[in-house]
Structure formats: C-alpha cells, structure tokens
Amino acid sequence: MAPENTPVKAEANEAVAAKAILDEMMKAYPAKTLRKRAKQALVNDPDNIPQVAANSRTIPGIITQRGCTYAGCRGVVIGPIYDILHITHGPIGCGFYSWLSRRNLVRPDKEETNYLQYSMSTDMMEEQIIFGGEKKLTQAIQEAYDIFKPKAISIYSTCPVGLIGDDVHAVARAMKEKLGINVFAFSCEGYKGVSQSAGHHIANNGVFKHMIGRDDTPDNAEFTINVLGEYNIGGDAWEIDTLLQKCGIKVVATLSGDVSYDQVCRAHTVQLNTVMCHRSINYMAEMMEKKFGIPWFKVNFIGAESTAKSLRKIAQYFDSKKLTDRVEEVIAQEMAVLRPVRDAATARCKGKKVALFVGGSRAHHYQDLFSDIGMETIAAGYEFAHRDDYEGRHVLPTIKIDADSRNIEEIQVEADPVRYQPRKTPEQLAAMEAGGFTFKDYNGMMAQMKKNTLVIDDISHHEIENLIQLGKPDIICSGIKDKFVIEKMGIPCKQLHSYDYGGPYAAFTGAANFYKEIDRMLHTKVWKFVVPPWMKEPQLQASLVNHPKQKGNAAPAQEPLNRKLATADEQIPE
Ligand code: CFM
C-alpha cells in the first residue's frame, strides 16, 4: 500500500473527493435524469480525456443557464454590427430582451451610423399569428428604410415565425430588390437548436452568404488579420486592437465587436484569420479558408501568458524578423508594467480556488488569467459548447449528428474561381507544420485542466450549490442567473458575460484590471458584515407527504408548517 502523503496517495484522495462531489450532485435526480447528467458531469483526466455528452438538450425542470437560438444569432454574432438595421420579427418580448442587454460596446467614427441603441421589432400580435406576419414584416422593413436609409437590414425570426411558416427569406429578397440595399433574413427561431449555439451557426452561415466578400478593396497594411469571435464585451476588442497596432499588425475586421458592415464585407481580404471564441465562429473560419484560402488558428488574448503566446504565434506566421522583434519589444514593455500588478495579486491570491461556468469559451480562457496569479481551477464547464470545445477538435469526426444538429444548415463551400488565393504555398505550410506550427487547432478545455478537477456541462443551480458546499471554491465565475444564488451562500461571483459592468480584461492592460478585481473580490470583508435575513428571521419549512388517509380527489393532508428561528451566531459562515 502507498504510504501516507505520497503523490500517488494524494492523487487517489483527490479522485475520491471529486467523485464524491459528483455523487452528491446526482443523488437528488430521478434515474432517467441521472443517466443523462452522469454523462455531462465528469472527473477530468487530461491524459485520457473522457467523452462529454455536450450540446444535448437540457432536461426540462433543470434550471439551466442557457439561452435560445435567436439569442445566439441576433444577440451574439450579428447584433454587434453597428450600422446594420436589425429587425426582430416576432412578439415584442424577444426584441425587448435583446435590446442592449449584452455589453458589446461600439465607438463608431463621427460620420458613421450606429443603430445599436434602437430595438426594432415587428411587434407580432394575434392577428399575424393567425393570418401570417409577412405583410407586417414588409411594412416594417419599408418603414425602417424610410426613416433610417440604412446600408443593410437584417431580419431575425423568433419562435412563432417558424411555427406559422412566414417566409422571411422571400420577404427579404423582395425588399432587397425594391429598396436596392442589402436585406437578408435568418431562420433563427428560438427552438431551432438546443441552445444559443445553433444561433451562432445560423448567423455564421448568413454573414458568410450575405456579407463576406462583397467588397474586394484590399488593405495596404503589411500584416493584416481578422480577429474572429471577439465581441468587444466591456471593451476587450479595443485592448486587443491597440496591442496589435503597437506591434504593427492591422485588424481589418473583428467579428463581431465594434465592427461596421463595410469592414465585414472586406474581411476576406486579410492574410490570416485568428479565432478567439472557437465555439461561436469556427464555422466562419473554415468557410473563409475554403472559399478564399485564408488559414486560421486559435488565439487567446485573455491572460498575460496566453496573450504573449498568441502574439508570438501571429509573428511566426508572418515570418518577418521585423515583426518578431517588434512583438518581443512590445511584450517586454507590457510585461514590465504588468509584472508588479501580477506579483501583488499573486502574493494575495495564490492557492485560492476558482470554479468557472460560462458560455462556450470563457470558462476555458479565463483559467489562464487565474493561473497567471497562482489560482487553481477546481471545476469548470460550458453552458452550450460542443465536445470539441471540451475534448479538442480531433473529436470532430466522431461527433454524432443528431436530430437537433441536423436542423442547422451546413453550407457546402467551394474555392472561389477567381478570388481563392492561398496565403501560403503548400510547401510553406508543410514546412511550418513540420516545425510544430499548428493551424485549425483547438485542444479544448480538458487537456489544460488538471487531473481530478471537475468538468460539468450545462450546470444547474442545484449542482452549483453542492459544489460550493463540498468543493469550497473561493470564487465562482458565472452569469447573472446564478450570481445571487452563489453570493447568498457567501461566495463572491464574478460575472464573466457582462463583467459586472467592469473590464476590459483582454490583453496585458485588461489582465491588470482582472487581477485587481479578483484580489478585491476575494479579500473584501463584506461577507462578514452581512447577515442574510434567513439567518435571523423565522423561516417557513414545508414538505410534501403522501398521507395514508388521502383518497380519490380529496385534498392531501398537510404536515404542519414548521417555524424555526435560527440564531445568527449559529449559522453565519466563517
Ligand atoms: Fe463566445 Fe462570447 Fe463565449 Fe459566446 Fe455568450 Fe458572451 Fe459567453 Mo455570454 S460568443 S461562447 S454566446 S465568448 S454572450 S461574448 S459571454 S455566453 S463565454
């Protein structure tokens, strides 16, 4: 037997502890739910990565963090393009809830138009549900055009549109011809997929068909790239852009953060596509490569180490001594400023534990920022990512196409007869790859996470509560749906969707903001001063019972309500 405290023993203990947390989470579930959730909540092993049942339907009744397909299309991928006029075809609620609710910031030039402060909807009523909404949609497009005269109008279908069968694409085609501007539509009904992820795919297809490649004017800068999958939440894209500019790299389009319609139409002229959020935009990178010959690879500007690594990889791609030297110079300058901030935060935060449950990329990216300051990730999971985001892109051929994913169009893309222009010769590419350079790469979250950490897809409130009680994280990164559940348990929660109205957190400058913020959140004394009401006031407790006297339709007998007064001293957490 291994003696106490050997690494083998410690690892075995960790494995038991990790499994115990999962068992506790699953205990409350009925057998069918348990079978499904057990495939989505796993103990990690980076050397032998287990398969995650990701991108499957949430079980009804479980409180999920996910959004809908319309949200992924209108809200995430296309919504941030600021001079397109976005019209939601549907009841007013969908338009209202997608009105400025995501922090995709923009700063257009004075002469440019910005429509993002508006929320346009056809305000569908019963009459349209019964007799069809195409007429009202046509009127709405005309009205919006008459008032704003935009360059392009984009239409988004909500659930009832698909149910009643309005042909939004026919309306878009007719209005495009009539108005002489670009009008296009998305069949992104909320129910179309299992989460917002389906909306990303639908949006990628639409942007590719209707915008990419419309303007061939090249950019004359020496090193041109796009940053795909960066949405300028809290100003992240601005930090990345400034950093790349310092290095002498020109960003032609950021999809879709602080970006104009014209920039997207010219995006295919670049020499390289870099991908930040793999989940939301990998389709676009693939399609642009096939049609125009633009290579792509994954980058991450979240975290100092990752930012430096990404810059070096871009420089290596361009194979220019001048660029490589400049990149090293910039990294050295930025790190000189950042290092004291990082060291101060590390001294206070090292060894603290974090759990991250966000979207489809940040739960991975932000682990880098935490490791910069010596913090440990004990558990992480995405809301709606696919197996490749967990296990790496090598699993793509083994992912089974189910009825839900079959719903989403896979565009067949071929090389453009005129404009396909490989950015590197096959010999150059082969030489780079032989030297260890990887394209179209993403190793996923699990390869980077330690052995015996937890990986939980589409986590529920119930599971988060168990994780807090048993895993004892010092901080959780999540979103608004969980934030107050978590904080009421005395654990700080950093929202990684909205950044709690803080940020930016990207690049070196953003990293400094994040280190300080996490240090502040971990060390605030606020939790010690707050006694939540349920710890000092009488609480009602009730339980459901099957009373033996209950017969037929008679109202069930109830247990008396149990009034309990907890004293603050008894229950205040340490
Ligand atoms: Fe990509 Fe995003 Fe994310 Fe995402 Fe999102 Fe977002 Fe996100 Mo909220 S595109 S997958 S659908 S990085 S809105 S900017 S924060 S869930 S982790």
Side-chain angles (χ1 to χ4, degrees), residues 54-55 58 64-81 97-106 188 190 193-204 207 227-240 254-259 274-285 298-303 306 355-369 380-386 388-390 442 444-445 457-459 476-483 493-506 510 514:
N55 192 34
T58 300
T64 172
Q65 304 166 318
R66 287 175 166 176
C68 70
T69 301
Y70 161 80
C73 180
R74 189 257 182 263
V76 174
V77 177
I78 319 195
I81 307 174
Y97 284 107
S98 50
W99 182 20
L100 295 182
S101 46
R102 183 162 171 263
R103 290 187 69 218
N104 37 250
L105 308 183
V106 292
C188 56
V194 301
S195 70
Q196 54 266 64
S197 168
H200 301 150
H201 196 167
I202 293 168
N204 277 230
V207 172
V227 182
L228 304 183
E230 166 49 54
Y231 300 90
N232 202 28
I233 307 299
D236 278 351
W238 294 331
E239 298 304 316
I240 297 169
T254 300
L255 257 71
S256 315
D258 194 12
V259 73
T274 61
V275 172
M276 266 289 278
C277 169
H278 173 266
R279 181 65 268 134
S280 62
I281 213 147
N282 69 88
Y283 322 94
M284 178 69 73
K298 173 92 180 65
V299 290
N300 179 18
F301 291 106
I302 300 294
S306 320
L356 309 92
F357 300 101
V358 210
S361 75
R362 294 188 172 180
H364 181 194
H365 286 169
Y366 276 75
Q367 292 187 29
D368 294 349
L369 266 174
Y382 298 120
E383 283 168 47
F384 50 75
H386 300 196
D388 40 324
D389 305 293
Y390 283 106
Y442 184 35
M445 172 200 273
D457 184 55
D458 189 19
I459 198 169
I476 291 186
C477 291
S478 185
I480 192 67
K481 290 179 194 164
D482 323 273
K483 182 175 174 77
C493 174
K494 177 71 190 164
Q495 291 190 72
L496 281 190
H497 303 261
S498 69
Y499 294 164
D500 289 309
Y501 317 103
Y505 297 134
F514 196 77

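When reading the values below, keep in mind they use all heavy atoms of this one structure, side chains included, and skip hydrogens, waters and symmetry mates. Here the structure is a predicted model, which is why all the values come from computation and not from measurement. Both counts, for ligands and for their atoms, begin at 1 and track the order of listing.
Residues satisfying the side-chain hydrogen bond (donor to acceptor under 3.5 Å, both in side chains) test with Asn282, not counting sequence neighbours, are none. With sequence neighbours left out, Arg279 forms a salt bridge (Lys or Arg N to Asp or Glu O under 4.0 Å) with Asp388, Asp389. Residues meeting the ring pair (Phe, Tyr, Trp, His ring centres under 6.0 Å) test with Phe301, sequence neighbours left out: none.
Checked by atom type, the side-chain pair Tyr231/Ser280 shows a donor-acceptor distance below 3.5 Å. A donor and an acceptor atom, one from each side chain of His365 and Tyr505, are nowhere located under 3.5 Å apart. No side-chain donor from either of Gln196 and Thr69 sits under 3.5 Å from a side-chain acceptor of the other.
Only one option out of Ile233, Ile302, Val358 pairs with Leu496 in a side-chain contact (heavy atoms from CB on, under 4.5 Å); it is Val358.
Nearest protein neighbour of atom 5 (Fe) of ligand 1, counting heavy atoms only, is Phe384 CZ, 4.2 Å. From the protein, the heavy atom lying nearest to atom 6 (Fe) of ligand 1 is Arg102 NE, 3.9 Å.
Residue Tyr382 does not touch ligand 1, judged by heavy-atom distances below 4.0 Å.
The atoms of ligand 1 that sit less than 4.0 Å from any heavy atom of Ile233 are 14 (S). Taking every non-hydrogen atom of His497 and a distance limit under 4.0 Å, the qualifying atoms of ligand 1 come out as 7 (Fe), 8 (Mo), 15 (S), 16 (S).
Within the protein, the number of N, O or S atoms lying under 2.8 Å from atom 1 (Fe) of ligand 1 is 1.
Contact annotation: the side chain of His278 never approaches that of Leu228 to less than 4.5 Å [non-hydrogen atoms, C-beta and beyond].
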